Amino acid sequence: MPLKLPTIIGHRGAKAYAPENTIESIHTAADMGCKWVELDVKLTKDSVPIIMHDDDLDRTTNGHGPVAQITYADLCHLEAGSWFSESFSGIKIPTLEEAIEVILARDLGVNLEIKPCPGREKETAEAMLDHLSQFWDDRDRLLISSFSHVSLEIAAEMAEDWYRGLLLESDPIPNWLELADYLEVTTINIDGRTAEREFVEDILDTQRMILAYTINDPQLALQLRQWGVDAMFTDDPDAVNETLFKPH
Ligand code: G3P
Ligand code: MG
């Protein structure tokens, strides 16, 4: 069965409304009607897969320094909400396992972006897939993506049946098609804020699905949908849904 994606995917949960990549953010996205969310996965020093975007703790927690240098035990003492708003103070950085529990409870699909700290491309993919295979069996509601070709190569080896997506920067590498073929990806995930129509058409010619990040401008969402983009990551599901799905 081909991968079925909703038009709107909550980015890091619902990043505009709750601290990104937290359990609360996943719940917020689900409450806003999202059927899928995108979450970033990286590893603690002792290789526990956690949901976190940055390589450093500073922006989204009360900790400091590289994520790759903190153990899971120490990470548990950090809080990840008050930087966003006092009303979220005290909330924690979730493990992959804790996030998946909520994904299952809320009946969501998930795009797990493998987001390795520098130099940990292989081990991050291996640990994530190893953990995930223990509690996930719904092929049709999972997309594994990464900017890292090494991580995607591991995903192709360890879980060849799970759908993969190749993430491209706003200035895409010239050999993206060769890589997409080699990595056998189902989706190409582009920066929709800078993409040109011709590039979207080049991807459509390959019969692959196109996902665009990170679309918070409802008018841009409309345009990308008209161009043939299949799904969009947004921090603000309410605003984009309202424009895309209101009767014209
Ligand atoms: O996966 C789409 C998007 O999340 C990629 O960029 O930096 O927000 O993880 P980033
Ligand atoms: Mg991401």
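A quick note: this is a predicted structure, and the numbers were derived from the prediction, not measured.
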For [X], look at atom [atom1] and say whether over 12 heavy atoms of other residues, nucleotides or ligands are found less than 6.0 Å away.
{"X": "His77", "atom1": "NE2", "value": "yes"}
{"X": "Lys45", "atom1": "NZ", "value": "no"}
{"X": "Gln134", "atom1": "CD", "value": "yes"}
{"X": "Phe135", "atom1": "CZ", "value": "yes"}
{"X": "Asp137", "atom1": "CG", "value": "no"}

Next item on the list: Check step by step if side-chain contact (heavy atoms from CB on, under 4.5 Å) holds for Tyr163 and Ile144.
Entry: CA-CA 6 Å; Tyr163 293 109; Ile144 293 168; over 6 Å; no
Checklist line | Option among Asp235, Thr234, Asn21 that satisfies the side chain to side chain donor-acceptor pair (under 3.5 Å) test with His11 | finding: Asp235
Checking [X] side chain against [Y] main chain: does a donor-acceptor pair fall under 3.5 Å?
{"X": "Thr187", "Y": "Asn189", "answer": "no"}
{"X": "Glu98", "Y": "Thr95", "answer": "yes"}
{"X": "Trp83", "Y": "Thr60", "answer": "yes"}
{"X": "Ser133", "Y": "Asp130", "answer": "yes"}
{"X": "Glu196", "Y": "Glu198", "answer": "no"}
{"X": "Glu121", "Y": "Gly119", "answer": "yes"}
{"X": "Arg139", "Y": "Asp161", "answer": "yes"}

Show me the side-chain donor-acceptor pairs of residues 103-117 shorter than 3.5 Å, one per line, residues at least two apart or across chains.
from	atom 1	to	atom 2	distance (Å)
Arg106	NH1	His27	ND1	2.9
Arg106	NH1	Asp31	OD1	3.2
Arg106	NH2	Asp31	OD1	2.8
Asp107	OD1	Arg141	NH1	3.3
Asp107	OD1	Arg141	NH2	2.6
Asn111	ND2	Leu143	O	2.9
Asn111	ND2	Ser145	OG	3.1
Glu113	OE2	Lys115	NZ	2.8

Between [atom1] of [X] and [atom2] of [Y], what distance do you get to the nearest 0.5 Å?
{"X": "Ile215", "Y": "Leu244", "atom1": "CD1", "atom2": "CG", "result": "10.5 Å"}
{"X": "Ser47", "Y": "Glu123", "atom1": "OG", "atom2": "CD", "result": "5.0 Å"}
{"X": "Met232", "Y": "Asn241", "atom1": "CE", "atom2": "CG", "result": "10.0 Å"}
{"X": "Ile91", "Y": "Thr22", "atom1": "CD1", "atom2": "OG1", "result": "4.0 Å"}
{"X": "Asp230", "Y": "Arg225", "atom1": "CG", "atom2": "CZ", "result": "11.5 Å"}

Any carboxylate oxygen within less than 4.0 angstrom of a Lys/Arg side-chain nitrogen, looking at [X] and [Y]?
{"X": "Lys122", "Y": "Glu157", "value": "no"}
{"X": "Lys42", "Y": "Asp55", "value": "yes"}
{"X": "Arg12", "Y": "Asp40", "value": "yes"}

Item checked: salt bridge (charged side-chain N to carboxylate O under 4.0 Å, His left out) partners of residues 165-189, not counting sequence neighbours, each pair once -> Asp181-Arg208
Checklist line | Heavy-atom closest contact (Pro218 atom, Thr243 atom, distance) | finding: CB-OG1, 3.0 Å
Margin query: According to a hydrophobic-cluster definition based on side-chain heavy atoms being under 4.5 Å apart (Ile, Leu, Val, Met, Phe, Trp, Tyr only), do Leu204 and Ile188 belong together?
Written below: yes
Margin query: Please say yes or no: joined through hydrophobic side-chain contacts below 4.5 Å, possibly via intermediate residues, are Leu152 and Leu168 part of one cluster?
Written below: yes
Check: Partners of Phe88 by ring-ring contact (aromatic ring centres under 6.0 Å, His included), sequence neighbours excluded?
Finding: Phe84
Next item on the list: With side-chain contact (heavy atoms from CB on, under 4.5 Å) as the test, would you mind laying out the steps for Met128 and Met158 before giving the verdict?
Entry: CA-CA 11 Å; Met128 184 189 100; Met158 284 181 68; over 6 Å; no
Next item on the list: Would you sort out whether Tyr17 and Met32 count as a side-chain contact (heavy atoms from CB on, under 4.5 Å), showing the intermediate values?
Entry: CA-CA 10 Å; Tyr17 297 90; Met32 289 184 166; 3.3 Å; yes
Check: Do Asp236 and Asn216 get their side chains close enough for a donor-acceptor pair, meaning under 3.5 Å?
Finding: no
